[in-house]
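From a predicted model like this one, the values you see are computed outputs, not experimental measurements. In what follows, chains are A, B, ... by sequence order, proteins preceding strands, each numbered from 1.
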Amino acid sequence: MKKALNIQIREAEEHAVIEMEGYLNDSLGEELSEEAHTLIEKGYTKLVINLEKTSLINSIGISILIEIIESLDEHEGTLNFCGLTSTQERTFRMMALAKYAGIFPDEKAAIANL
Amino acid sequence: MKKALNIQIREAEEHAVIEMEGYLNDSLGEELSEEAHTLIEKGYTKLVINLEKTSLINSIGISILIEIIESLDEHEGTLNFCGLTSTQERTFRMMALAKYAGIFPDEKAAIANL
Amino acid sequence: MTDKHKVLLTIPMYPDMELTAAKTGSVIAELMSFNEGQIEEIQLAIIETCINAFEHSQSRDNQIVIEFIMKDNELEFKITDQGVGFKSTSKHTAPKKNVYSDLRKRGWGLEIIKTLMDEVEIKTGTNGTTVSIVKRKTV
Amino acid sequence: MTDKHKVLLTIPMYPDMELTAAKTGSVIAELMSFNEGQIEEIQLAIIETCINAFEHSQSRDNQIVIEFIMKDNELEFKITDQGVGFKSTSKHTAPKKNVYSDLRKRGWGLEIIKTLMDEVEIKTGTNGTTVSIVKRKTV
Ligand SMILES: Nc1ncnc2c1ncn2[C@@H]1O[C@H](COP(=O)(O)OP(=O)(O)O)[C@@H](O)[C@H]1O
Ligand SMILES: Nc1ncnc2c1ncn2[C@@H]1O[C@H](COP(=O)(O)OP(=O)(O)O)[C@@H](O)[C@H]1O
């Protein structure tokens with residue numbers, strides 16, 4: 001129930017998209033992490049995280065995003081982000097997240113570049 | 001400039017629509033009042049006030065709405081509201097505003113019932 | 001009830017500052033899982049109480065203190081000014097509703113607050129006024 | 001600068017309470033006409049500073065006090081806890097950026113705050129910590 005409210009998963013043939021709503025802190029981050037790992041276990045190695053509806057991301061939330069990148073990397077997968085505000089993008093670049101994951105303006109571009 | 005930011009006027013043949021954005025307090029209320037009186041002077045007697053983008057209305061804002069109803073009444077005009085939240089509608093009914101002005105769910109209905 | 005569930009906000013009596021109080025209350029109500037309509041009602045009640053303090057308290061320190069107390073099923077907020085208090089002569093009655101001129105007359109603030117909230121208690125004296133308001137999650 | 005331009009907020013150290021502080025800051029910044037991006041930055045800085053106090057201060061009273069000071073062209077906010085202060089041994093350095101395991105390690109909070117804000121000053125001692133932050137409207 002809780003998951004249905006905050007996190008949406010869209011599974012396609014080759015990739016899956018995760019979209020979250022609200023404040024990405026430790027608790028929403030844990031839900032996200034679970035969803036991502038379920039997708040990876042299902043065999044998805046190409047993921048997009050859509051942050052359009054994610055209003056705020058704290059540093060714990062970012063650490064969790066990094067963990068997901070790491071897990072995907074172990075499966076030789078790719079992660080792309082989309083829907084970031086300019087402040088979020090700035091923070092991601094500062095934390096070198098952008099080195100290991102793509103940042104795209106919209107979901108279409110993020111999927112196309114997986 | 002300030003007006004352009006907060007208040008939108010849409011003038012049609014027979015009626016005009018006023019739409020405001022933000023917090024309807026004394027200062028936005030004064031701007032609204034000016035716009036309404038300009039329209040009345042221009043000869044408009046059928047007005048719609050669209051409150052869809054008006055997030056909060058305080059009691060001073062409501063007094064100003066009542067003044068506009070009163071001015072229109074002197075010109076045998078009509079005022080309809082649309083886009084109210086349920087709390088706004090409840091407050092309007094409590095203050096008997098609904099006796100002197102129509103309340104409609106959307107702009108189309110508000111215009112049709114002028 | 002421990003301090004764990006209290007938020008204290010002090011704002012200056014300054015136009016639009018009531019919005020700061022309303023928004024703080026709004027986030028607290030949201031964290032408490034009040035619904036959208038109730039959150040709007042809480043914001044309105046805070047706004048009207050603050051505006052009353054701005055307009056009527058004649059407070060010297062020009063400050064309002066708002067204490068938010070989060071309980072399991074309700075939010076209580078106490079809005080205090082150090083002003084002159086309610087005039088003892090002016091017994092508050094709801095304004096008449098029939099004529100424009102009555103309508104327009106002020107005097108709706110407290111009425112709105114009482115309609116939208118579950119409990120309203122006013123403690124007032126020459127040292128100031130505290131309006132205590134309770135909003136419950138379910139009516 | 002008079003009290004006319006000060007807002008004081010006390011919140012409990014409680015999950016998600018940092019959002020209350022961030023939103024209060026957000027409305028103040030909005031009233032001061034900061035732009036959307038800057039308002040988000042201010043919210044993030046408040047969130048990170050509060051989370052640090054939650055996690056590291058070991059404060060006994062479990063409270064954080066935030067003082068917002070509105071000036072003509074800048075917003076200053078001072079976030080104070082009555083905790084144990086920074087460990088004098090742990091000189092803060094920005095974490096390395098090359099390896100995942102380094103990336104993942106915590107230690108980004110202060111770095112984020114310093115990047116997004118114009119001034120950051122930390123006063124810390126065994127009686128607590130005050131982080132004073134300044135954000136200017138134009139850089
Ligand atoms: N904080 C306050 N200090 C002193 N008097 C107050 C305060 N709040 C309300 N009052 C009194 O209560 C009256 C009714 O308030 P209200 O219903 O909001 O109507 P209005 O503000 O339009 O007069 C006010 O006119 C004022 O005399
Ligand atoms: N309010 C505080 N009280 C005590 N120590 C603090 C406080 N804020 C920050 N610190 C210290 O500063 C360090 C760096 O903080 P930060 O950059 O946010 O990284 P992190 O919180 O991930 O460790 C913390 O690990 C802690 O030792």
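- When atom types are taken as modelled, the side chain of D:K137 and the backbone of D:M32 share a donor-acceptor pair closer than 3.5 angstrom.
- Ranked by heavy-atom pairs under 4.5 Å with chain C, the list D:T20, D:D16, D:T10, D:I66 is led by D:T10.
- Using cut-offs of 30° and 60° on the angle between ring planes, the pair C:H5 and D:Y14 is perpendicular.
- Here the side chain of D:T126 pairs no donor or acceptor atom with the backbone of D:V84 at under 3.5 angstrom.
- Heavy-atom distances place the side chain of D:L31, and not its backbone, under 4.5 Å from chain C.
- For the set C:T24, C:V65, C:I28, the entry with the most heavy-atom pairs within less than 4.5 Å of chain D is C:T24.
- If you take CG on D:L8 and CG on C:L8, they are separated by 8.0 Å, rounding to the nearest 0.5 Å.
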